[in-house]
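Here is how names work: the chains are called A, B, and so on, in the same order as the sequence lines, proteins then strands, and each is numbered from 1. When reading the values below, keep in mind they use all heavy atoms of this one structure, side chains included, and skip hydrogens, waters and symmetry mates.
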Amino acid sequence: MKIAVQTEAFDLNAEVVALYQANPKVGAVASFLGLVRDINEGQGVSTLSLEHYPGMTEKALAQIVEDARQRWEVLDASVIHRVGALRPTDPIVLVAVASVHRGDAFAACEFIMDYLKTRAPFWKKEATPEGEHWVDARESDDHAAARWGR
Amino acid sequence: MKIAVQTEAFDLNAEVVALYQANPKVGAVASFLGLVRDINEGQGVSTLSLEHYPGMTEKALAQIVEDARQRWEVLDASVIHRVGALRPTDPIVLVAVASVHRGDAFAACEFIMDYLKTRAPFWKKEATPEGEHWVDARESDDHAAARWGR
Amino acid sequence: MKVRLLYFARLREVFATAQETPETPANVQTLADLLDWLRQRGGVWAEELAVGRAYRVAVNQDLVERDAALHENDEVAIFPPVTGG
Amino acid sequence: MKVRLLYFARLREVFATAQETPETPANVQTLADLLDWLRQRGGVWAEELAVGRAYRVAVNQDLVERDAALHENDEVAIFPPVTGG
């Protein structure tokens, strides 16, 4: 299991290969890449700054992955989240889950993303030509996490 | 949209980057990698041969992706399936879907995989130290596809 | 009518042929008729294509039901349930 | 009792502080008590920490409910709803 919070970009291929190459039981790897969207749609370049709570972040992410392991057959998993200054089309987060079958891999990967969105202490601030503002939490993220039950 | 059937390995990173780098609307890429499992668990190396129906395969995959586009907001998608001789830990199939939000990306990616498993004309033959046999279709794959309704 | 028949995977091996282009009798109008005609060959044809056996048929590269109509020069592929992915 | 208070994101900016280590009065036994005590500072403290405002609290890096008990040297973090991913 790999949990990382970092400013650097990550290599999707390297992370996914690391989950399966040493384990011939792995039949499925589901992965998710979250990217900075250009919500201004070309109206000037916007940037995003990501802040986090060092220590709690890693603990929260490890707990979310552990929760996923309790629910589905997870052979290995990686969660990498970037912090610092990012621009449109930059990758923000990678979640990858290796399992025997695809159903477990998909479910665990989506579960981890939904919980990360509502429980991992990251905050986004957006800078546009009109000024800076903190990004609001989305109610739809609470709904997405709630549908997994407890 | 990219649909490919090929003997060569593919580059997960290159395929995923191609889905988002030119489109700053993309906020989410869900991807799936299917791999050859070593079902003999070390009891001698097994190999898998994949046969397909040229022409129909590409048509069936394009139709499955089109069906996904009708159901979810899909900005772009790639499906690459290998044929020929493969060994344990070799990637067999890649499905990657780019969308604005993660819910659409996850659903469309899993839908494409479920339909590919039941509608795209590929067949696996396995060679083990005990001999060769065609891999049986799994009833669980029919159930997985059926849950999406029509 | 002339149709192009393709066989894949295990059925290609059992029938010992990958394709043929037979001239079918006039009473072969639908896929069901064609399957009846093939079963009359007996042996592995009767066995593998028996009603209730798990196989799939595509006409012109689309999966179809047994009542599909056939036309001159159609490409009809008969194969086991697929196992890709 | 001494607790370590951390503020993040918008609340860090509004409170104009990232952390403090106050000595709380004896009647502060739970997180709810601590929040009451902070609200007594008035101004942005009363406003941002008002009951019903959307903020989260973690004690020793676990998200907790308002009735959580506090202990000497606990790390208490107060922050807006998270927006990562």
Side-chain angles (χ1 to χ4, degrees), chain A residues 3 5 32-37 39 48-64 67 79-84 86 91-95 109-126 132-142 144-145, chain D residues 2-22 30-32 34-35 38 43-85:
Chain A
I3 303 283
V5 179
F32 178 83
L33 202 60
L35 303 143
V36 181
R37 283 190 295 136
I39 61 156
L48 212 57
S49 303
L50 271 131
E51 173 176 336
H52 77 124
Y53 178 179
M56 178 173 169
T57 318
E58 294 80 357
K59 190 176 170 181
L61 293 174
Q63 184 60 54
I64 291 166
D67 288 351
V79 180
I80 306 178
H81 202 297
R82 294 173 73 188
V83 290
L86 299 172
I92 304 173
V93 60
L94 167 67
V95 175
C109 187
E110 192 166 11
F111 171 92
I112 292 169
M113 269 309 301
D114 285 349
Y115 271 59
L116 183 156
K117 281 270 184 183
T118 55
R119 301 202 173 183
F122 293 100
W123 301 273
K124 289 193 185 96
K125 189 182 214 174
E126 190 172 42
E132 289 192 337
H133 67 274
W134 290 97
V135 173
D136 279 333
R138 285 158 34 115
E139 214 176 324
S140 61
D141 286 329
D142 288 329
Chain D
K2 197 181 286 287
V3 292
R4 183 163 180 238
L5 296 180
L6 305 178
Y7 309 106
F8 288 98
R10 198 182 61 77
L11 290 179
R12 174 175 47 72
E13 292 184 347
V14 173
F15 295 152
T17 184
Q19 62 177 79
E20 57 179 314
T21 311
T30 67
L31 175 56
L34 177 71
L35 293 170
L38 289 171
V44 291
W45 299 90
E47 190 178 324
E48 295 292 344
L49 301 180
V51 175
R53 287 297 293 265
Y55 58 92
R56 304 280 180 269
V57 184
V59 173
N60 299 327
Q61 306 187 348
D62 284 320
L63 288 170
V64 295
E65 301 300 325
R66 298 293 190 264
D67 59 357
L70 293 183
H71 304 93
E72 181 77 16
N73 294 323
D74 274 353
E75 178 174 297
V76 179
I78 305 178
F79 46 76
V82 303
T83 57

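Contact annotation for A:His133: neither backbone nor side-chain heavy atoms come within less than 4.5 Å of a heavy atom of chain D. For A:Lys125, the part lying near chain D is the side chain, with the backbone staying farther off; criterion is any non-hydrogen pair under 4.5 Å. Only the backbone of A:Ala120 comes within less than 4.5 Å of a heavy atom in chain D; its side chain stays farther off. For A:Asp136, the part sitting under 4.5 Å from any heavy atom of chain D is the backbone (N, CA, C, O) and nothing else.
A donor-acceptor pair is defined here as one N or O able to donate and one able to accept, closer than 3.5 Å; no such pair exists between the side chain of A:Lys117 and the backbone of A:Arg138. Under the 3.5 Å distance criterion, the side-chain polar atoms of A:Arg82 are matched with a main-chain donor or acceptor of A:Pro91.
Judged by the 6.0 Å and 45° rule, A:Arg119 forms no cation-pi pair with A:Phe111.
With chain D as the partner, the residue from A:His52, A:Lys124, A:Gln63 showing the most heavy-atom pairs under 4.5 Å is A:Lys124.
Taking the six-membered ring wherever Trp is involved, the centroid distance between the rings of D:Trp45 and D:Tyr7 falls below 6.0 Å.
Relative orientation of the D:Phe8 and A:Trp123 rings is parallel, given thresholds of 30° and 60° on the angle between their planes.
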